[in-house]
Amino acid sequence: MTTAVVIGVGNEYRRDDGIGPALVAALEDRWLPAVKLIGSDGEPARLIDDWAGVPLAIVVDAVLCDPSTPGEFYRTEVPLDHPGAAPSAPTEPPGAGAHPHSAGSHSLGIPDALRLGQAVERLPGRLVVYAVEAADVSFGTEFSAPVAAALPRLVDAVLTELKSARTVAR
Amino acid sequence: MSHRARQLKVSSLARVEGEGALRVTVRDGVVERADLQIYEPPRFFEALLRGRGYTEPPDITARICGICPVAYQTSACNAIEDACGVRIDGPIRELRRLLYCGEWISSHALHIYLLHAPDFLGYPDAIALAADHREIVERGLLLKKAGNAILELVGGRAIHPVNVRVGGFYAAPGRARLDHLAGQLRPALDAAIETVRWVAGFGFPDLETDHELLAVHDPAGYAIEGGTTVRRSAGPDFEVDAFSNHVVEEQVPYSTALHAALDGGRYLTGPLARYTLNHDQLSPLALGLAADAGLGSECRNPFRSIVVRAIETVYAVEEALRLIASYQPPEPSYVVVPARDGVGHGLSEAPRGLLYHRYEIGADGLIRSATIVPPTAQNQAAIEEDLRRTVAANLHLGDEPLTGLCERTIRNYDPCISCSTHFLELTVERS
(Lines give C-alpha, C1' and ligand atoms only; values in the text may rest on other atoms or scores of the structure.)
Protein backbone atom coordinates (compact mmCIF):
# COMPACT_ATOMS: atom_id res chain seq x y z
CA MET A 1 0.00 0.00 0.00
CA THR A 2 1.28 3.45 -0.89
CA THR A 3 1.54 5.57 2.24
CA ALA A 4 3.32 8.51 0.66
CA VAL A 5 4.13 9.96 -2.71
CA VAL A 6 7.04 12.25 -3.47
CA ILE A 7 6.50 14.35 -6.59
CA GLY A 8 9.46 16.21 -8.03
CA VAL A 9 8.17 18.96 -10.30
CA GLY A 10 10.42 20.56 -12.86
CA ASN A 11 12.41 20.39 -16.05
CA GLU A 12 15.77 18.69 -15.73
CA TYR A 13 17.01 20.53 -18.83
CA ARG A 14 16.44 23.91 -17.21
CA ARG A 15 19.27 23.76 -14.67
CA ASP A 16 17.91 24.63 -11.20
CA ASP A 17 14.34 23.90 -12.32
CA GLY A 18 15.45 20.25 -12.27
CA ILE A 19 15.81 20.16 -8.49
CA GLY A 20 12.47 18.34 -8.07
CA PRO A 21 13.32 15.51 -10.48
CA ALA A 22 16.86 15.35 -8.99
CA LEU A 23 15.38 14.87 -5.53
CA VAL A 24 13.23 12.03 -6.85
CA ALA A 25 16.26 10.47 -8.55
CA ALA A 26 18.24 10.67 -5.32
CA LEU A 27 15.46 8.95 -3.39
CA GLU A 28 15.30 6.13 -5.93
CA ASP A 29 18.54 4.85 -4.47
CA ARG A 30 16.98 4.54 -1.02
CA TRP A 31 14.87 1.71 0.27
CA LEU A 32 11.50 3.36 0.63
CA PRO A 33 8.79 0.72 0.63
CA ALA A 34 5.28 2.09 0.22
CA VAL A 35 6.62 5.41 -1.04
CA LYS A 36 5.87 6.24 -4.66
CA LEU A 37 8.39 8.47 -6.41
CA ILE A 38 7.25 10.51 -9.40
CA GLY A 39 8.97 13.01 -11.66
CA SER A 40 6.41 15.50 -12.93
CA ASP A 41 5.97 18.46 -15.21
CA GLY A 42 3.44 19.83 -12.72
CA GLU A 43 0.46 19.55 -15.03
CA PRO A 44 -2.56 19.74 -12.70
CA ALA A 45 -4.57 16.81 -14.05
CA ARG A 46 -1.54 14.58 -13.59
CA LEU A 47 -0.73 15.97 -10.16
CA ILE A 48 -4.18 15.31 -8.78
CA ASP A 49 -4.04 11.76 -10.13
CA ASP A 50 -0.63 11.27 -8.60
CA TRP A 51 -1.60 12.38 -5.12
CA ALA A 52 -5.32 11.53 -4.88
CA GLY A 53 -6.06 9.46 -1.82
CA VAL A 54 -2.44 9.02 -0.76
CA PRO A 55 -2.01 9.69 2.98
CA LEU A 56 0.96 12.01 2.47
CA ALA A 57 2.06 13.86 -0.67
CA ILE A 58 5.35 15.74 -0.74
CA VAL A 59 5.77 18.05 -3.71
CA VAL A 60 9.17 19.55 -4.45
CA ASP A 61 9.47 22.43 -6.89
CA ALA A 62 11.82 25.28 -7.69
CA VAL A 63 10.86 28.90 -7.23
CA LEU A 64 12.31 32.19 -8.35
CA CYS A 65 12.38 34.83 -5.64
CA ASP A 66 13.21 38.48 -5.46
CA PRO A 67 15.35 39.20 -3.55
CA SER A 68 16.91 35.82 -3.91
CA THR A 69 18.78 33.41 -1.68
CA PRO A 70 19.46 30.50 -4.06
CA GLY A 71 19.56 27.10 -2.44
CA GLU A 72 17.28 28.09 0.43
CA PHE A 73 14.25 25.88 0.66
CA TYR A 74 10.97 26.32 2.45
CA ARG A 75 8.60 23.73 3.81
CA THR A 76 4.89 24.42 3.88
CA GLU A 77 2.14 22.07 4.96
CA VAL A 78 -0.80 23.16 2.86
CA PRO A 79 -4.13 23.31 4.69
CA LEU A 80 -6.58 21.11 2.84
CA ASP A 81 -10.33 21.34 2.71
CA HIS A 82 -11.51 17.76 2.76
CA PRO A 83 -15.19 16.94 2.35
CA GLY A 84 -16.90 17.09 5.67
CA ALA A 85 -14.05 18.91 7.32
CA ALA A 86 -14.31 22.44 8.57
CA PRO A 87 -12.95 24.85 6.01
CA SER A 88 -9.35 25.72 6.68
CA ALA A 89 -8.11 29.24 7.16
CA PRO A 90 -7.52 30.94 3.85
CA THR A 91 -3.78 30.45 4.01
CA GLU A 92 -1.98 30.77 0.74
CA PRO A 93 0.13 27.82 -0.22
CA PRO A 94 3.55 28.79 -1.48
CA GLY A 95 3.27 30.37 -4.82
CA ALA A 96 -0.48 30.60 -4.68
CA GLY A 97 -0.66 34.15 -5.90
CA ALA A 98 -3.77 34.46 -7.93
CA HIS A 99 -3.52 34.45 -11.67
CA PRO A 100 -7.19 33.91 -12.22
CA HIS A 101 -7.00 34.10 -15.95
CA SER A 102 -3.97 32.08 -16.79
CA ALA A 103 -3.77 32.35 -20.53
CA GLY A 104 -0.60 30.40 -21.02
CA SER A 105 -0.63 27.64 -23.54
CA HIS A 106 -0.35 25.06 -20.82
CA SER A 107 0.72 27.21 -17.94
CA LEU A 108 -1.12 25.83 -14.99
CA GLY A 109 0.70 24.94 -11.83
CA ILE A 110 0.61 23.55 -8.31
CA PRO A 111 -1.91 26.04 -6.88
CA ASP A 112 -4.19 25.26 -9.83
CA ALA A 113 -3.75 21.58 -9.10
CA LEU A 114 -4.58 22.16 -5.47
CA ARG A 115 -7.73 24.12 -6.26
CA LEU A 116 -8.75 21.63 -8.94
CA GLY A 117 -8.09 18.75 -6.55
CA GLN A 118 -10.28 20.42 -3.96
CA ALA A 119 -13.06 21.01 -6.50
CA VAL A 120 -13.18 17.38 -7.59
CA GLU A 121 -12.15 15.89 -4.24
CA ARG A 122 -8.86 14.45 -5.33
CA LEU A 123 -6.55 15.49 -2.58
CA PRO A 124 -3.98 13.63 -0.53
CA GLY A 125 -4.45 13.21 3.21
CA ARG A 126 -1.67 15.73 3.80
CA LEU A 127 0.18 17.91 1.33
CA VAL A 128 3.65 19.20 2.08
CA VAL A 129 5.39 21.47 -0.41
CA TYR A 130 9.13 22.05 -0.48
CA ALA A 131 9.99 25.15 -2.51
CA VAL A 132 13.65 25.52 -3.45
CA GLU A 133 14.98 28.91 -4.47
CA ALA A 134 16.57 28.74 -7.90
CA ALA A 135 19.37 30.88 -9.28
CA ASP A 136 19.64 29.77 -12.88
CA VAL A 137 16.86 28.36 -15.06
CA SER A 138 18.61 28.74 -18.41
CA PHE A 139 19.13 25.78 -20.73
CA GLY A 140 21.38 23.08 -19.39
CA THR A 141 21.59 20.21 -16.96
CA GLU A 142 24.05 21.57 -14.36
CA PHE A 143 22.72 23.05 -11.15
CA SER A 144 24.03 26.36 -9.87
CA ALA A 145 26.46 25.85 -6.98
CA PRO A 146 24.05 26.86 -4.18
CA VAL A 147 21.25 24.65 -5.50
CA ALA A 148 23.65 21.72 -5.97
CA ALA A 149 24.78 22.22 -2.39
CA ALA A 150 21.17 22.23 -1.20
CA LEU A 151 20.28 18.86 -2.70
CA PRO A 152 21.74 16.64 0.09
CA ARG A 153 20.01 18.78 2.74
CA LEU A 154 16.78 18.54 0.79
CA VAL A 155 17.09 14.77 0.56
CA ASP A 156 17.62 14.58 4.32
CA ALA A 157 14.65 16.85 4.96
CA VAL A 158 12.31 14.77 2.80
CA LEU A 159 13.56 11.51 4.30
CA THR A 160 12.95 12.92 7.78
CA GLU A 161 9.49 13.98 6.66
CA LEU A 162 8.72 10.48 5.40
CA LYS A 163 10.12 8.86 8.53
CA SER A 164 8.11 11.19 10.73
CA ALA A 165 4.95 10.38 8.81
CA ARG A 166 5.55 6.65 9.30
CA THR A 167 6.07 7.21 13.02
CA VAL A 168 2.84 9.12 13.28
CA ALA A 169 1.03 6.42 11.33
CA ARG A 170 2.06 3.83 13.87
CA MET B 1 9.32 26.19 -11.70
CA SER B 2 7.59 28.98 -10.01
CA HIS B 3 7.88 32.70 -9.77
CA ARG B 4 7.61 33.99 -6.28
CA ALA B 5 8.25 37.18 -4.54
CA ARG B 6 9.98 37.09 -1.23
CA GLN B 7 6.74 38.03 0.49
CA LEU B 8 5.15 34.84 -0.87
CA LYS B 9 3.21 36.98 -3.26
CA VAL B 10 3.59 35.03 -6.42
CA SER B 11 3.17 36.52 -9.82
CA SER B 12 2.61 33.16 -11.35
CA LEU B 13 3.11 29.55 -10.47
CA ALA B 14 3.42 28.29 -13.97
CA ARG B 15 6.74 26.80 -14.91
CA VAL B 16 8.92 29.11 -16.90
CA GLU B 17 10.19 27.79 -20.17
CA GLY B 18 9.57 30.84 -22.25
CA GLU B 19 7.92 34.16 -22.51
CA GLY B 20 5.13 35.21 -24.77
CA ALA B 21 3.72 38.63 -25.41
CA LEU B 22 1.62 40.38 -27.94
CA ARG B 23 2.58 43.83 -29.15
CA VAL B 24 -0.08 45.68 -31.07
CA THR B 25 0.52 48.96 -32.86
CA VAL B 26 -2.50 51.04 -33.81
CA ARG B 27 -2.07 54.20 -35.79
CA ASP B 28 -4.97 56.40 -36.83
CA GLY B 29 -7.40 53.68 -35.93
CA VAL B 30 -5.65 51.07 -38.06
CA VAL B 31 -3.85 48.03 -36.67
CA GLU B 32 -0.39 48.31 -38.16
CA ARG B 33 1.22 45.39 -36.39
CA ALA B 34 0.21 42.52 -34.14
CA ASP B 35 3.45 40.77 -33.23
CA LEU B 36 3.23 37.55 -31.29
CA GLN B 37 6.53 37.45 -29.47
CA ILE B 38 7.68 33.96 -28.64
CA TYR B 39 10.71 32.56 -26.94
CA GLU B 40 10.86 28.98 -28.08
CA PRO B 41 13.39 26.30 -27.15
CA PRO B 42 13.19 23.77 -30.02
CA ARG B 43 15.75 25.63 -32.14
CA PHE B 44 18.39 24.76 -29.58
CA PHE B 45 17.58 21.08 -29.83
CA GLU B 46 18.61 21.09 -33.46
CA ALA B 47 22.12 22.15 -32.47
CA LEU B 48 22.11 19.74 -29.55
CA LEU B 49 21.40 16.83 -31.89
CA ARG B 50 24.40 17.43 -34.13
CA GLY B 51 27.05 14.80 -33.51
CA ARG B 52 24.74 12.57 -31.49
CA GLY B 53 23.99 9.00 -32.44
CA TYR B 54 21.18 8.39 -34.93
CA THR B 55 19.25 6.36 -32.38
CA GLU B 56 19.09 9.22 -29.89
CA PRO B 57 16.59 11.73 -31.36
CA PRO B 58 13.43 9.94 -30.15
CA ASP B 59 14.59 10.27 -26.55
CA ILE B 60 16.16 13.71 -26.87
CA THR B 61 13.41 15.41 -28.86
CA ALA B 62 10.70 13.96 -26.60
CA ARG B 63 12.01 16.45 -24.04
CA ILE B 64 10.94 19.38 -26.18
CA CYS B 65 7.40 18.97 -24.93
CA GLY B 66 5.68 17.40 -21.95
CA ILE B 67 2.27 17.51 -23.62
CA CYS B 68 3.12 16.03 -27.01
CA PRO B 69 6.38 14.06 -26.61
CA VAL B 70 5.03 11.16 -28.70
CA ALA B 71 4.74 13.50 -31.68
CA TYR B 72 8.42 14.37 -31.38
CA GLN B 73 9.39 10.75 -30.93
CA THR B 74 7.30 9.62 -33.88
CA SER B 75 8.40 12.28 -36.34
CA ALA B 76 12.00 11.59 -35.30
CA CYS B 77 11.59 7.83 -35.85
CA ASN B 78 9.88 8.41 -39.19
CA ALA B 79 12.71 10.66 -40.37
CA ILE B 80 15.56 8.42 -39.21
CA GLU B 81 13.93 5.29 -40.62
CA ASP B 82 13.45 7.16 -43.89
CA ALA B 83 17.13 8.15 -43.93
CA CYS B 84 18.12 4.55 -43.32
CA GLY B 85 15.75 3.17 -45.94
CA VAL B 86 13.49 1.27 -43.54
CA ARG B 87 9.70 1.47 -43.57
CA ILE B 88 7.74 0.38 -40.52
CA ASP B 89 4.42 -1.33 -41.18
CA GLY B 90 2.25 -3.99 -39.63
CA PRO B 91 1.92 -4.53 -35.89
CA ILE B 92 4.76 -2.16 -34.94
CA ARG B 93 3.21 0.65 -36.94
CA GLU B 94 -0.15 -0.10 -35.32
CA LEU B 95 1.40 0.01 -31.86
CA ARG B 96 2.93 3.37 -32.76
CA ARG B 97 -0.51 4.60 -33.79
CA LEU B 98 -2.01 3.32 -30.54
CA LEU B 99 0.59 5.21 -28.53
CA TYR B 100 -0.12 8.35 -30.55
CA CYS B 101 -3.87 7.94 -29.94
CA GLY B 102 -3.04 8.07 -26.24
CA GLU B 103 -1.32 11.40 -26.72
CA TRP B 104 -4.20 12.81 -28.78
CA ILE B 105 -6.74 11.79 -26.16
CA SER B 106 -4.70 13.16 -23.29
CA SER B 107 -3.70 16.41 -25.00
CA HIS B 108 -7.10 17.14 -26.51
CA ALA B 109 -8.86 16.45 -23.19
CA LEU B 110 -6.43 18.77 -21.41
CA HIS B 111 -7.03 21.56 -23.87
CA ILE B 112 -10.78 21.14 -24.22
CA TYR B 113 -11.60 20.89 -20.54
CA LEU B 114 -8.87 22.68 -18.63
CA LEU B 115 -7.85 25.42 -21.03
CA HIS B 116 -10.43 26.14 -23.69
CA ALA B 117 -13.96 25.41 -22.47
CA PRO B 118 -13.91 28.05 -19.68
CA ASP B 119 -13.58 30.70 -22.42
CA PHE B 120 -16.97 29.75 -23.83
CA LEU B 121 -18.75 29.41 -20.51
CA GLY B 122 -17.67 32.62 -18.85
CA TYR B 123 -15.43 31.05 -16.27
CA PRO B 124 -11.97 32.39 -15.51
CA ASP B 125 -10.53 28.89 -15.47
CA ALA B 126 -11.32 25.20 -15.17
CA ILE B 127 -11.20 25.30 -11.39
CA ALA B 128 -14.07 27.76 -11.27
CA LEU B 129 -15.87 25.59 -13.81
CA ALA B 130 -15.32 22.55 -11.60
CA ALA B 131 -16.80 24.36 -8.62
CA ASP B 132 -20.12 24.74 -10.48
CA HIS B 133 -19.99 21.70 -12.76
CA ARG B 134 -17.85 19.12 -11.09
CA GLU B 135 -19.23 16.27 -13.18
CA ILE B 136 -18.16 17.99 -16.39
CA VAL B 137 -14.57 18.48 -15.30
CA GLU B 138 -14.48 14.93 -13.95
CA ARG B 139 -15.49 13.72 -17.40
CA GLY B 140 -12.53 15.56 -18.85
CA LEU B 141 -10.22 14.13 -16.25
CA LEU B 142 -11.51 10.63 -16.98
CA LEU B 143 -10.75 11.14 -20.66
CA LYS B 144 -7.32 12.50 -19.99
CA LYS B 145 -6.55 9.63 -17.66
CA ALA B 146 -7.56 7.13 -20.33
CA GLY B 147 -5.09 8.75 -22.72
CA ASN B 148 -2.42 8.71 -20.06
CA ALA B 149 -3.10 5.01 -19.44
CA ILE B 150 -2.21 4.25 -23.06
CA LEU B 151 0.93 6.36 -22.80
CA GLU B 152 1.97 4.62 -19.61
CA LEU B 153 1.37 1.11 -20.91
CA VAL B 154 2.76 1.45 -24.43
CA GLY B 155 5.23 4.25 -23.81
CA GLY B 156 6.47 3.27 -20.39
CA ARG B 157 5.33 6.48 -18.74
CA ALA B 158 2.92 9.35 -19.42
CA ILE B 159 5.45 12.14 -19.82
CA HIS B 160 8.47 11.68 -22.05
CA PRO B 161 7.82 7.99 -22.80
CA VAL B 162 10.88 5.80 -22.59
CA ASN B 163 9.79 2.74 -24.60
CA VAL B 164 10.07 4.26 -28.08
CA ARG B 165 13.11 3.48 -30.21
CA VAL B 166 14.07 3.85 -33.82
CA GLY B 167 12.46 0.88 -35.58
CA GLY B 168 9.73 0.34 -32.99
CA PHE B 169 9.67 -0.27 -29.26
CA TYR B 170 12.06 -1.63 -26.67
CA ALA B 171 9.29 -3.96 -25.51
CA ALA B 172 5.74 -4.63 -26.63
CA PRO B 173 3.01 -5.00 -24.02
CA GLY B 174 1.29 -8.36 -23.76
CA ARG B 175 -2.23 -9.03 -24.96
CA ALA B 176 -3.72 -9.30 -21.46
CA ARG B 177 -2.49 -5.88 -20.42
CA LEU B 178 -4.11 -4.33 -23.48
CA ASP B 179 -7.37 -6.09 -22.73
CA HIS B 180 -7.30 -4.41 -19.34
CA LEU B 181 -6.64 -1.08 -21.06
CA ALA B 182 -9.64 -1.60 -23.33
CA GLY B 183 -11.79 -1.84 -20.22
CA GLN B 184 -10.68 1.65 -19.26
CA LEU B 185 -11.21 3.03 -22.77
CA ARG B 186 -14.83 1.94 -23.20
CA PRO B 187 -16.19 4.45 -20.67
CA ALA B 188 -13.81 7.00 -22.18
CA LEU B 189 -15.59 6.59 -25.51
CA ASP B 190 -18.89 7.53 -23.88
CA ALA B 191 -17.17 10.51 -22.27
CA ALA B 192 -15.71 11.54 -25.62
CA ILE B 193 -19.12 11.37 -27.31
CA GLU B 194 -20.64 13.44 -24.51
CA THR B 195 -17.80 15.93 -24.96
CA VAL B 196 -18.75 16.52 -28.59
CA ARG B 197 -22.38 17.11 -27.68
CA TRP B 198 -21.33 19.46 -24.87
CA VAL B 199 -18.96 21.66 -26.87
CA ALA B 200 -21.26 21.72 -29.89
CA GLY B 201 -23.69 23.76 -27.78
CA PHE B 202 -21.23 26.56 -27.08
CA GLY B 203 -21.63 29.97 -28.68
CA PHE B 204 -19.01 30.63 -31.32
CA PRO B 205 -17.94 34.06 -32.52
CA ASP B 206 -18.49 34.44 -36.22
CA LEU B 207 -15.04 34.28 -37.78
CA GLU B 208 -13.98 32.52 -40.95
CA THR B 209 -10.29 32.49 -41.73
CA ASP B 210 -8.80 32.27 -45.19
CA HIS B 211 -5.47 30.71 -44.23
CA GLU B 212 -4.26 27.96 -46.50
CA LEU B 213 -4.53 24.63 -44.74
CA LEU B 214 -1.83 21.96 -44.49
CA ALA B 215 -2.00 18.44 -43.07
CA VAL B 216 -0.36 15.06 -43.43
CA HIS B 217 -2.35 12.67 -45.60
CA ASP B 218 -2.33 8.90 -45.51
CA PRO B 219 -4.55 6.95 -47.92
CA ALA B 220 -4.80 4.19 -45.31
CA GLY B 221 -6.59 6.31 -42.72
CA TYR B 222 -6.95 9.64 -40.90
CA ALA B 223 -3.32 10.69 -40.59
CA ILE B 224 -1.91 10.60 -37.09
CA GLU B 225 1.43 8.81 -36.82
CA GLY B 226 2.57 9.43 -40.39
CA GLY B 227 1.49 9.54 -43.98
CA THR B 228 2.60 9.37 -47.55
CA THR B 229 1.96 12.93 -48.69
CA VAL B 230 1.29 16.43 -47.47
CA ARG B 231 -2.13 17.74 -48.40
CA ARG B 232 -2.93 21.42 -48.84
CA SER B 233 -6.10 23.35 -49.51
CA ALA B 234 -4.80 25.49 -52.37
CA GLY B 235 -2.57 23.24 -54.36
CA PRO B 236 -1.70 19.67 -55.17
CA ASP B 237 -0.40 17.25 -52.54
CA PHE B 238 3.36 17.02 -52.31
CA GLU B 239 5.72 14.30 -51.15
CA VAL B 240 7.01 14.22 -47.59
CA ASP B 241 10.60 14.71 -48.78
CA ALA B 242 9.56 17.90 -50.58
CA PHE B 243 8.39 19.55 -47.35
CA SER B 244 11.34 21.93 -47.10
CA ASN B 245 10.90 22.92 -50.75
CA HIS B 246 7.50 24.31 -49.88
CA VAL B 247 7.76 25.28 -46.22
CA VAL B 248 10.47 27.83 -45.50
CA GLU B 249 11.23 29.28 -42.10
CA GLU B 250 12.57 32.74 -41.50
CA GLN B 251 13.67 34.73 -38.53
CA VAL B 252 11.60 37.66 -37.40
CA PRO B 253 13.18 40.34 -35.22
CA TYR B 254 10.71 40.17 -32.35
CA SER B 255 10.64 36.43 -31.69
CA THR B 256 13.09 33.61 -31.17
CA ALA B 257 10.62 31.29 -32.83
CA LEU B 258 10.95 31.08 -36.57
CA HIS B 259 8.01 31.96 -38.80
CA ALA B 260 7.14 29.44 -41.48
CA ALA B 261 5.58 30.16 -44.85
CA LEU B 262 4.06 27.75 -47.36
CA ASP B 263 5.29 28.71 -50.81
CA GLY B 264 5.62 32.21 -49.42
CA GLY B 265 2.13 32.38 -47.98
CA ARG B 266 0.44 32.20 -44.60
CA TYR B 267 -0.97 28.83 -43.66
CA LEU B 268 -2.49 26.84 -40.87
CA THR B 269 -1.92 23.35 -39.56
CA GLY B 270 -3.77 21.50 -36.80
CA PRO B 271 -7.33 20.34 -36.15
CA LEU B 272 -9.06 22.67 -38.64
CA ALA B 273 -6.63 21.64 -41.38
CA ARG B 274 -6.88 17.94 -40.58
CA TYR B 275 -10.64 18.00 -40.48
CA THR B 276 -11.06 20.02 -43.64
CA LEU B 277 -8.51 18.03 -45.64
CA ASN B 278 -9.03 14.51 -44.29
CA HIS B 279 -12.46 14.37 -42.64
CA ASP B 280 -13.81 11.79 -45.09
CA GLN B 281 -11.44 9.30 -43.47
CA LEU B 282 -12.98 9.71 -40.03
CA SER B 283 -15.08 6.87 -38.63
CA PRO B 284 -18.84 6.80 -39.24
CA LEU B 285 -19.42 7.59 -35.56
CA ALA B 286 -17.11 10.60 -35.65
CA LEU B 287 -18.60 11.83 -38.92
CA GLY B 288 -22.11 11.47 -37.58
CA LEU B 289 -21.22 13.43 -34.47
CA ALA B 290 -19.53 16.08 -36.61
CA ALA B 291 -22.71 16.47 -38.66
CA ASP B 292 -24.80 16.69 -35.50
CA ALA B 293 -22.41 19.33 -34.20
CA GLY B 294 -22.97 21.41 -37.30
CA LEU B 295 -19.65 20.80 -38.99
CA GLY B 296 -19.80 20.55 -42.74
CA SER B 297 -17.15 19.44 -45.16
CA GLU B 298 -14.77 22.05 -43.86
CA CYS B 299 -14.24 24.04 -40.70
CA ARG B 300 -12.54 27.43 -40.93
CA ASN B 301 -13.73 29.06 -37.73
CA PRO B 302 -10.84 28.80 -35.26
CA PHE B 303 -13.24 29.09 -32.31
CA ARG B 304 -14.80 25.83 -33.48
CA SER B 305 -11.47 24.06 -33.17
CA ILE B 306 -12.74 22.84 -29.80
CA VAL B 307 -15.47 20.91 -31.63
CA VAL B 308 -12.96 19.39 -34.03
CA ARG B 309 -10.73 18.38 -31.13
CA ALA B 310 -13.71 16.70 -29.50
CA ILE B 311 -14.49 14.83 -32.74
CA GLU B 312 -10.85 13.78 -33.00
CA THR B 313 -10.92 12.57 -29.42
CA VAL B 314 -13.85 10.28 -30.24
CA TYR B 315 -11.95 9.02 -33.26
CA ALA B 316 -8.75 8.46 -31.26
CA VAL B 317 -10.59 6.45 -28.58
CA GLU B 318 -12.30 4.39 -31.27
CA GLU B 319 -8.99 3.86 -33.04
CA ALA B 320 -7.33 2.80 -29.80
CA LEU B 321 -10.09 0.25 -29.16
CA ARG B 322 -9.85 -1.01 -32.75
CA LEU B 323 -6.08 -1.37 -32.55
CA ILE B 324 -6.31 -3.17 -29.23
CA ALA B 325 -8.96 -5.55 -30.55
CA SER B 326 -6.69 -6.74 -33.36
CA TYR B 327 -3.45 -6.51 -31.42
CA GLN B 328 -0.89 -9.25 -31.46
CA PRO B 329 2.40 -8.34 -29.75
CA PRO B 330 5.00 -7.80 -32.48
CA GLU B 331 7.96 -10.11 -32.13
CA PRO B 332 10.50 -8.74 -32.15
CA SER B 333 9.14 -5.41 -31.01
CA TYR B 334 11.36 -3.46 -33.38
CA VAL B 335 12.93 -3.65 -36.79
CA VAL B 336 16.70 -3.33 -36.89
CA VAL B 337 17.54 -0.04 -38.58
CA PRO B 338 21.20 -0.01 -39.65
CA ALA B 339 22.77 3.42 -40.04
CA ARG B 340 23.64 4.61 -43.49
CA ASP B 341 24.67 7.84 -45.09
CA GLY B 342 21.51 9.68 -46.01
CA VAL B 343 18.84 12.29 -45.43
CA GLY B 344 15.46 11.43 -43.96
CA HIS B 345 12.16 13.28 -43.63
CA GLY B 346 9.53 12.49 -41.03
CA LEU B 347 6.04 13.84 -40.49
CA SER B 348 3.30 13.18 -38.02
CA GLU B 349 0.25 15.02 -36.74
CA ALA B 350 0.86 16.38 -33.26
CA PRO B 351 -2.41 17.27 -31.50
CA ARG B 352 -1.86 20.92 -32.42
CA GLY B 353 -0.54 20.35 -35.91
CA LEU B 354 1.92 18.94 -38.36
CA LEU B 355 5.40 18.26 -36.98
CA TYR B 356 8.30 17.87 -39.40
CA HIS B 357 11.74 16.40 -38.68
CA ARG B 358 14.66 16.14 -41.09
CA TYR B 359 17.94 14.43 -40.28
CA GLU B 360 21.14 14.11 -42.22
CA ILE B 361 23.03 11.06 -41.00
CA GLY B 362 26.57 9.93 -41.76
CA ALA B 363 27.65 6.36 -42.46
CA ASP B 364 29.17 6.45 -38.96
CA GLY B 365 25.67 6.80 -37.53
CA LEU B 366 26.24 10.33 -36.28
CA ILE B 367 23.77 13.10 -37.02
CA ARG B 368 25.22 15.81 -39.25
CA SER B 369 22.23 18.11 -39.17
CA ALA B 370 18.71 18.23 -37.76
CA THR B 371 15.73 20.38 -38.61
CA ILE B 372 12.57 20.43 -36.51
CA VAL B 373 9.56 22.47 -37.61
CA PRO B 374 6.96 22.45 -34.81
CA PRO B 375 3.30 23.26 -35.42
CA THR B 376 3.19 26.41 -33.34
CA ALA B 377 5.96 28.03 -35.40
CA GLN B 378 4.03 27.15 -38.55
CA ASN B 379 0.84 28.63 -37.14
CA GLN B 380 2.37 31.87 -35.90
CA ALA B 381 1.59 33.91 -39.00
CA ALA B 382 -2.00 32.66 -39.00
CA ILE B 383 -2.39 33.46 -35.31
CA GLU B 384 -1.01 36.95 -35.87
CA GLU B 385 -3.42 37.50 -38.75
CA ASP B 386 -6.34 36.41 -36.56
CA LEU B 387 -5.11 38.78 -33.87
CA ARG B 388 -4.83 41.66 -36.30
CA ARG B 389 -8.42 41.09 -37.40
CA THR B 390 -9.65 40.64 -33.85
CA VAL B 391 -7.98 43.82 -32.62
CA ALA B 392 -9.11 45.79 -35.67
CA ALA B 393 -12.71 44.73 -35.10
CA ASN B 394 -12.61 45.55 -31.39
CA LEU B 395 -10.56 48.70 -31.08
CA HIS B 396 -13.35 50.28 -29.08
CA LEU B 397 -12.60 47.95 -26.19
CA GLY B 398 -10.30 48.91 -23.36
CA ASP B 399 -6.98 47.16 -22.97
CA GLU B 400 -8.24 44.59 -20.45
CA PRO B 401 -11.19 43.19 -22.42
CA LEU B 402 -9.12 43.42 -25.57
CA THR B 403 -6.40 41.37 -23.91
CA GLY B 404 -8.97 38.76 -22.94
CA LEU B 405 -10.22 38.56 -26.49
CA CYS B 406 -6.67 38.21 -27.81
CA GLU B 407 -5.99 35.45 -25.33
CA ARG B 408 -9.04 33.57 -26.56
CA THR B 409 -7.89 34.04 -30.11
CA ILE B 410 -4.51 32.55 -29.28
CA ARG B 411 -5.95 29.71 -27.24
CA ASN B 412 -7.98 28.54 -30.23
CA TYR B 413 -4.71 27.21 -31.57
CA ASP B 414 -3.64 25.40 -28.40
CA PRO B 415 -0.17 26.81 -28.92
CA CYS B 416 2.62 24.73 -27.53
CA ILE B 417 5.17 27.46 -27.33
CA SER B 418 7.34 25.67 -24.89
CA CYS B 419 4.51 23.96 -23.08
CA SER B 420 4.42 26.53 -20.33
CA THR B 421 4.69 30.09 -21.41
CA HIS B 422 3.43 33.12 -19.63
CA PHE B 423 0.74 34.74 -21.70
CA LEU B 424 -0.28 37.34 -22.31
CA GLU B 425 1.32 40.69 -21.80
CA LEU B 426 -0.48 42.97 -24.19
CA THR B 427 1.00 46.30 -25.22
CA VAL B 428 -1.17 48.52 -27.34
CA GLU B 429 0.45 51.59 -28.81
CA ARG B 430 -2.31 53.93 -29.92
CA SER B 431 -1.54 57.11 -31.74
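Scanning all heavy atoms of the two residues, the minimum distance from B:R134 to A:V120 falls at NH2-O, 3.5 Å. Of all the heavy atoms in B:I127 and A:A119, the pair that sits closest is O-CB, 4.3 Å.
Evaluation of the side chain to side chain contact (heavy atoms under 4.5 Å, CB included) rule for B:L405 yields B:T390, B:N394, B:L397 as partners, not counting sequence neighbours. Listed by chain and number, the residues in a salt bridge (charged side-chain N to carboxylate O under 4.0 Å, His left out) with A:R46 are A:D41 (sequence neighbours excluded).
Taking non-hydrogen atoms and a 4.5 Å limit, the residue list of residues 145-153 of chain B in contact with chain A, ordered by number, reads B:K145, B:N148.
When heavy atoms are compared at a cutoff of 4.5 Å, A:I48 approaches chain B solely by way of its side chain, counted from C-beta outward.
For the salt bridge (Lys or Arg N to Asp or Glu O under 4.0 Å) condition, the pairs that include at least one residue of residues 146-161 of chain A, sequence neighbours left out, are A:R75-A:E161, A:R126-A:E161.
The distance from atom NE2 of B:H160 to atom CG of A:N11, rounded to the nearest 0.5 Å, is 6.5 Å. The distance from the CG atom of B:D125 to the CG atom of A:L116 is 9.0 Å, given to the nearest 0.5 Å.
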* Could you please spell out the steps behind the side-chain contact (heavy atoms from CB on, under 4.5 Å) verdict for B:L141 and A:R122? => CA-CA 11 Å; B:L141 295 172; A:R122 289 193 197 182; 4.1 Å; yes
